[in-house]
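One structure below.
Counting convention: from 1, in listed order, for ligands and their atoms alike. Predicted model, so just to flag it, every value in this text is computed and none were measured.
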Amino acid sequence: MGNRRPLIAGNWKMYKTGSEAVETARQLVKLVEDVTNAEVMIAPPFTAISYVSDIVRNSRVSLGAQNLFWENEGAYTGEISSAMLVSAGCKYVIIGHSERRQYFGETDETVNKKIKAAIASKLIPILCVGESEKEREGKNTFSVLDKQVTNGLEGFLVNELETLVIAYEPIWAIGTGKTATSDQVQEVHLFLRSLAEKKNGNMLAKSIRILYGGSVKPDNVTELMGLPDVDGALVGGASLDAETFSKIVHY
Ligand code: 13P
């Protein structure tokens, strides 16, 4: 796995009020005090980010956001910019999650603009890709992923992508309790790394972190993290409870 530092990230989606988020973050900070084998990140909803930022400061837990808009500021009702996220204490931002593609009209083109904005602000983008059940059954998994990665990362210089994280989240495994098998995960992660190598060269392919997401739980994380091209996990449901998430972090 080279010198890629594993990242275990919790995507809280649209869960937790400010006070609930603070409570969970407080518990988590304590529970992961001893963790050195991986970086831990949580992405609370926007309304909780500033509160959680105060809790995780100087702890083992990094802060992320679940989305951003690519303009710096302006008349864009309801949107949040990368500069706002940085000033609120975020280090990471999740971009192009399948739920945003499915329900909020995100495309590879908007994903590309968002990654550009994130990198310009020195936020670490987590680009989410993944195929639907139908696409997998139709044997289109690799062409779908190729398109999402190629279009999402179009127009970048190699050195701009140094910090990039890719999260492979098969849509059929999200929130369903169905995890992809180890063979399926490793096959896709290797494919994604070779794709990065083809487009951006060996150095980037070696440094890029590729996370798996989709029903990651304390009882399947060890096997997933043991796969050669898995550099971490993006956890939804199981990240909402500090003790459960801490077990995943201590894989
Ligand atoms: P679950 O862990 O709930 O399947 O969600 C995965 C996910 O979408 C993380 O971004």
Please tabulate, for side-chain N and O atoms in residues 36-44, each donor-acceptor pair with protein atoms closer than 3.5 Å (sequence neighbours left out).
from: Glu39; atom 1: OE1; to: Tyr92; atom 2: OH; distance (Å): 2.8
from: Glu39; atom 1: OE2; to: Ser62; atom 2: OG; distance (Å): 3.0
from: Glu39; atom 1: OE2; to: Lys91; atom 2: NZ; distance (Å): 2.8
from: Glu39; atom 1: OE2; to: Tyr92; atom 2: OH; distance (Å): 3.2

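The only option from Leu227, Ile166, Asp229 that meets the side chain to side chain contact (heavy atoms under 4.5 Å, CB included) definition with His189 turns out to be Asp229.
Residue pairs meeting the side-chain hydrogen bond (donor to acceptor under 3.5 Å, both in side chains) criterion with at least one partner in residues 114-124, sequence neighbours excluded, are Asn67-Lys114, Ser82-Ser121, Glu106-Lys114, Asn112-Lys116. The stretch residues 45-69 participates, sequence neighbours left out, in these salt bridge (Lys or Arg N to Asp or Glu O under 4.0 Å) pairs: Asp54-Arg57.
Between the side chain of Arg136 and the backbone N or O of Pro170, no donor-acceptor pair lies under 3.5 Å.
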What are the distances between nitrogen or oxygen atoms of ligand 1 and protein nitrogen or oxygen atoms, counting only those under 3.5 Å?
from: ligand 1; atom 1: 2 (O); to: Gly236; atom 2: N; distance (Å): 2.9
from: ligand 1; atom 1: 3 (O); to: Gly237; atom 2: N; distance (Å): 2.8
from: ligand 1; atom 1: 4 (O); to: Gly175; atom 2: N; distance (Å): 2.6
from: ligand 1; atom 1: 4 (O); to: Ser215; atom 2: N; distance (Å): 2.8
from: ligand 1; atom 1: 5 (O); to: Lys13; atom 2: NZ; distance (Å): 3.3
from: ligand 1; atom 1: 8 (O); to: Lys13; atom 2: NZ; distance (Å): 2.8
from: ligand 1; atom 1: 8 (O); to: His97; atom 2: NE2; distance (Å): 2.8
from: ligand 1; atom 1: 8 (O); to: Glu169; atom 2: OE1; distance (Å): 3.4
from: ligand 1; atom 1: 10 (O); to: Asn11; atom 2: ND2; distance (Å): 3.0
from: ligand 1; atom 1: 10 (O); to: His97; atom 2: NE2; distance (Å): 2.9
from: ligand 1; atom 1: 10 (O); to: Glu169; atom 2: OE1; distance (Å): 3.2
from: ligand 1; atom 1: 10 (O); to: Glu169; atom 2: OE2; distance (Å): 2.9

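Side chain to side chain, His97 and Glu169 meet the donor-acceptor criterion of an N or O pair below 3.5 Å.
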